[in-house]
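Computed over heavy atoms, backbone and side chain alike; hydrogens, waters and symmetry mates excluded. Quick caveat: nothing in here was measured; it's all calculated off a predicted structure. A, B, ... follow the sequence lines: proteins, then strands. Residue 1 opens every chain.
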Amino acid sequence: MLEKTFDPAAAEPRLYKAWEASGAFSPSGADKTFSMVIPPPNVTGSLHIGHALNNTLQDVLARFHRMKGEAVLWLPGTDHAGIATQMVVERQLAAAGNISRRDLGREDFVARVWEWKAQSGGTIVRQLRRLGSSCDWSRERFTLDEGLSVAVRKVFVQLYKEGLIYRDKRLVNWDPHFQTAISDLEVEQREVDGHYWHFAYPLTDGSGEIVIATTRPETMLGDTAVAVHPDDERYKHLIGKTVTLPIMGREIPIIADDYADPEKGSGAVKITPAHDFNDFQVGKRHNLPVINIMDAFGKINEEGGPYAGSDRFASRKQIVERAENEGWLRSIEKTRHVVPHGDRSGVVVEPWLTDQWYVDAATLAQPAIKAVEDGRTVFEPRNWEKTYFEWLRNIEPWCISRQLWWGHRIPAWWDEDGNVYVEETQSAAVAASGGKALTQDEDVLDTWFSSALWPFSTMGWPEETEDLKRFYPSHTLVTGFDIIFFWVARMMMMGLHFMDDVPFRRVFINALVRDATGAKMSKSKGNVMDPLELVDRYGADALRFTLTAMSGQGRDIKLQEQRIEGYRNFGTKLWNAARFSQMNHCTRVDGFDPGAARETINRWIRGEAVRAAAEVTRALDACAFDDAANTLYRFIWNVYCDWYLELAKPVFNGDDEAAKAETRAMTAWTLDLILKLLHPVSPFITEELWEKLAETGPTRKGLLISEAWPDLPAGWTDPAADAEIGWLIALVTEVRSVRAEMNIPPAAKLPLTLSNAGDDTRARLTRHRNLILTLARLESATEGEAPAGSAPFVIGEATGALPIAGYIDLAAERARLSKEVANLTAEIARTSGKLANPDFVARAPEEVVEENREKLAEAEAAKSRLEAALKRIEAVS
RNA sequence: GGGCGGCUAGCUCAGCUGGUUAGAGCACCUCGUUUACACCGAGGGGGUCGGGGGUUCGAAUCCCUCGCCGCCCA
């Protein structure tokens, strides 16, 4: 006998081990494959609710397709996550005695990171297992694995030789905290309160001054021009003159350029080509000198005159003070403006002129755009394709070099004269140089560079492996919209370039779990929720079911703990249904054919099962995860438990042995079906019940995880049974409703009479009398005229009546009937209004018109019956 | 400034290829310990579907417009 509730804590680890040991996680069997690569979580990470959602959905798909008999590969792994990981270890060093990575040196530092990875890197993978993820762990990869590193070097070298990777000196987003370049995508534009400081620059010829406005006063140290709009009447006469830059004393020109916005600030703008993307362009157009005034730490360098060596923000303050003291500060204006911040460091990013490695993304983007236009890769929901196109069609060169130590070191070697040799190995580079002494480029690659290769590098590329042949392209990628640019688009570019095919046929974009303020959750912000606590409290199935049910396409999820509790209760409900079936000896019967069932309730539940199975299958095929979950919930709770098992009880307690045997077999069969259909979403409780229910009856062939997905004949639905049970449910519900509203004690058993019953109704009443008596708590149910002093209700063409003389509460009964009559009156008004409209009758489809006629007739009949009863009551009172 | 999404019951959401009395879960109210389950059962209250206009016989659903809220990109 089953316990009263499922104990997830005890069962989950045991079941997971059994699955893994069974080999079910590795692809096997069929020619038809289904493959997915996991979005590799950061190796530093621990499972947050976003991972839980993403991996639950992947696992639902993996288990579903596995049960459908496909060879499923769900390839797991982790990402070395350059900045994030380096940050964690640097923080650790700082805590352990204020050592910086530079104190330690590159080699020792990298060794420390590996050490850390060995110790703590397995956390997230263990957590994925707790969730039930059925990944093929035998194929687990890490982006810094030797094999993946080979792939990275090969890709880099090939792209370089094709001219698609190149070195360039231009402004980059420089993160002064990590002292590295970052890509545009890693920059977060934050709107902040700031100021426009209006400075007066004196004309060199002494004829006056020009006032410029700036939000970053310290950059004036690097000014090489002042720009005004060519049509700006205020300044036209000054174009071509020069000003003397305060503090620096440098003579710089006043130039005309459209970039100067007459509406903004004073209309005249200082130009600092080395420290502003727009100014850089202006500088190019006018051949202005580019003066770099900052170092890698964001401190003013020797080009900054008196401020050399001081921090950028300290300098800002001092320069403003000096301007005020010296009288060239004209005014201060408050403003809100957008300031770039590093998404990891959170510090203000500086545009900085450096040499970096770039990928020619615009070229690689073209096939990636085409592949989605052609439908070779489809986004689900389709709408995200717009986002994808928007970005790829306006793509900028991708800066891939990072001045970090943790990552793939760039396979480029330099000779003493500054010539570069890009090869996969040092020896090849030396050979290419003609035997010179070379030193390797110090930089590492952007983490996303190796992630971009993930769909094929994990399958063994550049080797021509069996896995690549069988599983590339993958079938579906499940990921969040926040990394469509970072990851999805770049995988498309690299996959098409190196594999000559898309990396995945379908991209399912899952919702993003946000925090209470609507902000994206991230480790660096520290606003993550802990799914493992929820698993501890409610079990993995409850969390999984919740996330699946809430995963409406492309929306945000605001998780309420109450919801998880509710779905835990759902599991308990199922558990107790199994317990009930066990108590009533509903043992599975070998060779039982539901198609041959004779009892109406069994033919009915069979049809319900067919519909539920079809809907769950459709939903999972379409990634409509919430539909699948809701269908399961309703079928299991509201159909199977609320009605089928209740209808089965009188059979079990009756003496029709044939009916009893058939119903027991059907109960067990349906329960098995439920376990299969629910397994992808709630694998633990279903596997546990699968095992427990095998204690009696025929032996199981194996674990539920490897069971075949149900494929039921559509012909198993039975409209006659549906109509009959539908009537039965309506009758029972009506009786219960009357009883409750009339405050009839639950223990009181009443006789029911049905008048004006047609042949079908009479037959049903006879056939199901037993059920009706039990479920509606009646003494008898017979055909006949309503006795005096009874409460009427409408059931189809018939009128039911419960004699309530002993309990009658006239006021309650009048209220009940009045409400019913009012509802019917409203409906009659609505429907007859429609039918009175000649346009409606003429233009609406015939079946809609007919439907309304029937509805009207039924409502009128029902109303007149109830009104008569109401009049009788009013006559009495 | 451009793009995307949202605004439906107290809360979280579904419904949006036009025709149902607009649904679910939670919360709330009443009753109930009937031998699967109180992590339960039965019954009930609660919404002019953000505002306005339009198309249509008919609009939560299609179109326009306005208003908030959120996100992404400049």
Side-chain angles (χ1 to χ4, degrees), chain A residues 1-6 184-185 187-189 277 338 381 383-384 386-387 389-391 394 481-482 484-485 511-512 514 517-520 538-539 542 546 549-550 552-584 586 626-627 629-630 633-634 637-638 641-642 645-646 648-649 652-653 667 732-747 774-777 816 819 822-824 826-828 830-831 833-845 847-849 851-852 855 859:
Chain A
M1 171 69 71
L2 291 168
E3 298 298 311
K4 266 193 162 183
T5 55
F6 175 51
D184 297 340
L185 287 177
V187 175
E188 212 175 275
Q189 304 291 346
F277 289 97
V338 171
N383 217 34
W384 291 109
K386 285 187 193 172
T387 306
F389 287 139
E390 181 71 17
W391 188 67
N394 298 295
F481 58 77
D482 52 327
I484 289 177
F485 306 150
L512 199 64
R514 294 176 186 278
T517 65
K520 182 169 136 183
Y538 302 104
T546 307
M550 294 179 80
Q553 298 188 336
R555 295 182 49 86
D556 301 345
I557 290 182
K558 290 170 216 154
L559 193 63
Q560 297 170 285
E561 191 160 331
Q562 227 175 17
R563 198 76 188 254
I564 304 173
E565 190 182 343
Y567 289 124
R568 188 272 319 269
N569 296 352
F570 167 68
T572 305
K573 185 75 181 175
L574 170 64
W575 185 265
N576 278 286
R579 191 160 174 265
F580 170 82
S581 102
Q582 212 179 37
M583 292 170 80
N584 286 281
C586 300
D626 50 341
D627 285 350
N630 290 326
Y633 187 95
R634 277 193 289 269
W637 199 316
N638 302 123
C641 291
D642 284 352
L645 294 184
E646 292 304 321
K649 279 177 185 175
F652 295 150
N653 295 330
T667 300
V732 170
T733 305
E734 277 298 336
V735 174
R736 285 172 175 169
S737 177
V738 171
R739 295 182 62 122
E741 288 189 47
M742 298 305 297
N743 299 318
I744 294 170
T774 313
L775 295 179
R777 306 188 64 75
R816 178 183 77 90
K819 191 184 80 185
N823 284 344
L824 289 165
E827 178 154 343
I828 288 164
R830 211 173 18 248
T831 315
K834 275 190 198 174
L835 289 166
N837 180 346
D839 283 333
F840 173 72
V841 179
R843 300 198 188 192
E847 70 260 25
V848 173
V849 177
E851 215 170 84
N852 275 274
K855 198 191 286 177

Opposite nucleotide pairing with B:G1, Watson-Crick or G-U, both atom distances under 3.5 Å: B:C73
What pairs of nitrogen or oxygen atoms, one from the protein and one from nucleotides 29-35 of chain B, lie under 3.5 Å apart?
none

Per A:Gln560 side chain, nearest of listed nucleotides B:U20, B:G19, B:C11: B:C11
Aromatic plane relationship, A:Trp575 with A:Phe6 - under 30° parallel, 30 to 60° tilted, over 60° perpendicular: tilted
Donor/acceptor link under 3.5 angstrom from A:Arg568 side chain onto base of B:C39: yes
RNA chain B: 5'-proximal contact among A:Glu851 and A:Met550 (nearest heavy atom): A:Met550
Polar side-chain contact A:Glu390-B:A74 base: donor and acceptor under 3.5 Å: no
Touch class at under 4.0 angstrom, heavy-atom based, for A:Pro838 against every strand present: nothing
Mate of B:G41 where both pairing distances stay under 3.5 Å, Watson-Crick or G-U: B:C31
Using atom names, set out every protein N or O paired with an N or O of nucleotides 41-45 of chain B below 3.5 Å, distance rounded to 0.1 Å.
from	atom 1	to	atom 2	distance (Å)
B:G41	OP1	A:Lys573	NZ	3.1
B:G41	OP1	A:Trp637	NE1	2.6
B:G44	OP1	A:Ser737	OG	3.2
B:G45	OP1	A:Lys819	NZ	3.3

Pairing nucleotide - B:G46, Watson-Crick or G-U, each distance under 3.5 Å: none
Opposite nucleotide pairing with B:C26, Watson-Crick or G-U, both atom distances under 3.5 Å: B:G10
P atoms of B:G6 and B:U61, separation to the nearest Å: 13 Å
